[in-house]
Amino acid sequence: MPTRLAHEIAELRSRLLDMATIVAEQFTDAVDALLAHDVDQAERVMDRDREVDALELEVDEYCQRILARHQPVATDLRTLLTVEKINTDLERIGDHCRNLARNAEHVTEAPGVLDVVKVRAMSQAARRMLDEAKQAFLDQNAELARSIPDLDDEVDRLHHENFQELVDYIRKNPEHAEVAAHLITASKAIERISDHSTNIAKGVVFLIEGVDIRHAGVQEDMAPGSTSPLRSSYSS
């Protein structure tokens with residue numbers, strides 16, 4: 001029979017998945033509001049951020065309660081550590097969705113500026129990352145999780161292209177420089193969402209395999225036998 005701890009961890013995972021679903025909906029709605037310069041929809045996205053914040057607090061509190069009651073070890077402890085990290089990343093994604101939506105009202109002043117950027121393609125790539133990170137967590141699929149950071153390169157490339165196109169646009173249309181600057185901010189928000197999805201994917205790998213794949217270059221410097229200053233400072 002499942003233990004009380006197993007039931008509580010299952011409930012915790014369910015709440016986290018609910019949160020992931022909400023921020024994914026926020027993301028889609030924020031992009032749609034921006035591209036349609038729909039201020040009313042943008043306001044609904046921003047209002048929903050309170051729901052995400054409330055869920056973050058609820059998940060954190062639930063994690064702390066499980067830790068206090070059961071003092072879990074091994075896989076159960078790793079699950080709680082991972083959930084707390086993913087919880088933070090999801091809340092940050094919600095913040096970036098809110099910031100993305102805020103730019104919708106500014107685009108109304110020069111809607112043609114949207115023609116020079118690839119917001120839709122960039123957001124689709126970032127949304128795929130978020131969806132696959134959620135699926136990897138749900139299915140405990142380390143292989144899928146490991147593939148997600150590679151998609152971040154595409155999002156970064158599109159953000160760089162957007163930035164260059166908008167800089168050129170500002171040179172040619174200085175009267176709309178402020179609007180273009182808001183779109184640079186919007187593009188950056190999407191790029192940050194992909195970064196947080198990458199963090200979630202790496203957290204899933206840690207959960208399943210117990211391997212931390214963050215900052216691989218730094219970890220190499222800190223490996224036993226390394227002559228890195230980092231290793232020297234720890235051993236001195």
Side-chain angles (χ1 to χ4, degrees), residues 1-31 43-101 123 126-149 189-190 192-214:
M1 294 290 290
T3 64
R4 173 74 178 273
L5 174 58
H7 278 300
E8 292 186 6
I9 287 179
E11 175 63 23
L12 180 63
R13 285 169 50 86
S14 177
R15 295 187 192 191
L16 192 71
L17 288 167
D18 287 344
M19 188 175 175
T21 298
I22 291 171
V23 297
E25 291 171 353
Q26 261 193 306
F27 186 22
T28 296
D29 290 345
V31 172
E43 288 179 353
R44 289 193 293 272
V45 172
M46 291 185 281
D47 288 343
R48 202 171 189 191
D49 189 52
R50 292 177 61 86
E51 184 179 356
V52 175
D53 290 345
L55 273 171
E56 183 199 19
L57 295 174
E58 183 179 334
V59 169
D60 268 349
E61 181 181 344
Y62 208 85
C63 281
Q64 291 165 13
R65 196 157 61 238
I66 291 173
L67 282 167
R69 283 178 179 171
H70 302 287
Q71 298 180 343
V73 296
T75 302
D76 291 332
L77 178 58
R78 204 158 66 228
T79 297
L80 292 180
L81 294 174
T82 302
V83 165
E84 288 191 325
K85 289 177 182 177
I86 293 175
N87 188 37
T88 298
D89 280 305
L90 289 174
E91 190 276 333
R92 298 275 169 80
I93 290 173
D95 287 344
H96 289 301
C97 291
R98 180 194 62 208
N99 295 337
L100 182 59
S123 64
R127 174 62 194 266
R128 178 186 168 191
M129 292 177 67
L130 179 56
D131 288 345
E132 290 189 359
K134 175 186 174 183
Q135 195 65 43
F137 177 78
L138 179 63
D139 296 341
Q140 300 286 280
N141 187 334
E143 183 178 358
L144 177 59
R146 283 183 176 276
S147 72
I148 292 167
I190 297 172
R192 292 296 294 132
I193 288 170
S194 75
D195 287 343
H196 287 294
S197 297
T198 296
N199 290 344
I200 293 170
K202 291 178 178 180
V204 172
V205 173
F206 172 72
L207 169 61
I208 298 167
E209 300 180 353
V211 176
D212 189 345
I213 62 172
R214 299 172 301 162

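One is the number of the first residue; the rest follow in order along the sequence.
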Greater than 12 external heavy atoms within 6.0 Å of Arg13's CZ = yes

Main-chain N/O of Val45 paired with Arg98 side-chain donor or acceptor, under 3.5 Å = no

Within a reach of under 6.0 Å around CZ of Arg65, are more than 12 heavy atoms found that belong to other residues, nucleotides or ligands?
-> yes

When you check the gap from the basic side-chain N to the acidic O, do Lys85 and Asp89 get nearer than 4.0 Å?
-> no

Under the side chain to side chain contact (heavy atoms under 4.5 Å, CB included) rule, what do Ile208 and Asn141 come out as? Steps first, then yes or no, please.
-> CA-CA 8 Å; Ile208 298 167; Asn141 187 334; 5.6 Å; no

Calculate, to the nearest 0.5 Å, the distance between atoms CG and CD1 belonging to Leu5 and Ile66 respectively.
-> 6.5 Å

Any luck finding a side-chain donor-acceptor pair between Thr21 and Lys134 under 3.5 Å?
-> yes

Does a side-chain heavy-atom distance below 4.5 Å link Cys97 with Asp49?
-> no

How many angstroms lie between CD1 in Ile86 and CG in Asn199, if you round to the nearest 0.5 Å?
-> 10.0 Å

Considering only NZ, NE, NH1 and NH2 on the basic side and carboxylate oxygens on the acidic side, decide whether Arg192 and Asp195 come within less than 4.0 Å.
-> yes

Could you give me the CA-CA distance, side-chain angles and deciding distance for Leu80 and Leu12, then say whether side chain to side chain contact (heavy atoms under 4.5 Å, CB included) is met?
-> CA-CA 9 Å; Leu80 292 180; Leu12 180 63; 3.4 Å; yes

Indicate the atoms forming the closest heavy-atom contact of Pro72 with Leu77, along with that distance.
-> O-CB, 3.6 Å

Evaluate the side-chain proximity of Arg48 to Arg44: yes if any heavy-atom separation is below 4.5 Å, no if none is.
-> no

In this structure, CG of Leu17 is separated from CZ of Arg15 (nearest 0.5 Å) by 12.5 Å

Decide yes or no for His96 and Phe27: does some side-chain heavy atom of the first lie under 4.5 Å from some side-chain heavy atom of the second?
-> no

Taking Arg78 for the side chain and Leu207 for the main chain, is one N or O donor matched with an acceptor at less than 3.5 Å?
-> yes

Below 4.5 Å, heavy atoms only, C-beta onward: do Asp53 and Asp95 meet side chain to side chain?
-> yes

Shortest non-hydrogen separation from Val23 to Leu90 and the atoms involved = CG1-O, 3.5 Å

His196 NE2 to Met129 CE distance, which is reported to the nearest 0.5 Å = 11.5 Å

Close side-chain approach of His7 to Thr3, heavy-atom, < 4.5 Å | no

Could you tell me which non-hydrogen atom of Phe206 sits nearest to which non-hydrogen atom of Asp212, and how far apart they are?
-> CD1-N, 4.2 Å

Gln71 (side chain) donor-acceptor with Ala68 (main chain) under 3.5 angstrom = no

Ignoring hydrogens and angles, tell me if any N or O in the side chain of Ser147 forms a donor-acceptor pair with the backbone of Leu144 under 3.5 Å.
-> yes

Can you name the salt bridge (charged side-chain N to carboxylate O under 4.0 Å, His left out) partners of Glu8, sequence neighbours left out?
-> Arg4, Arg69

Carefully, step by step, assess Val204 and Thr82 under the rule side chain to side chain contact (heavy atoms under 4.5 Å, CB included).
-> CA-CA 7 Å; Val204 172; Thr82 302; 5.6 Å; no

For Ala24 and Asp131, work out which heavy atoms get closest and say how close.
-> CB-OD1, 4.2 Å

So do Ile213 and Arg146 actually touch side chain to side chain, heavy atoms under 4.5 Å?
-> yes

Write down the atom of Ala133, the atom of Ala201, and the distance for their closest heavy-atom approach.
-> CB-N, 4.4 Å

Would a distance-only check, ignoring hydrogens and angles, find a side-chain to backbone donor-acceptor pair under 3.5 Å from Asn87 to Glu56?
-> yes

Answer yes or no: does atom CZ of Arg127 have more than 12 heavy-atom neighbours from other residues, nucleotides or ligands under 6.0 Å?
-> yes

Would you confirm whether Thr79, through its side chain, and Thr75, through its main-chain N or O, come within 3.5 Å as a donor-acceptor pair?
-> yes

Of all heavy-atom pairs between Val83 and Cys63, which one has the smallest distance, and what is that distance?
-> CG1-SG, 3.7 Å

List the steps and the verdict of side chain to side chain contact (heavy atoms under 4.5 Å, CB included) for Ile93 and Ile200.
-> CA-CA 11 Å; Ile93 290 173; Ile200 293 170; 4.2 Å; yes

Which value, rounded to the nearest 0.5 Å, describes the distance between Ile148 atom CD1 and Leu130 atom CG?
-> 9.0 Å

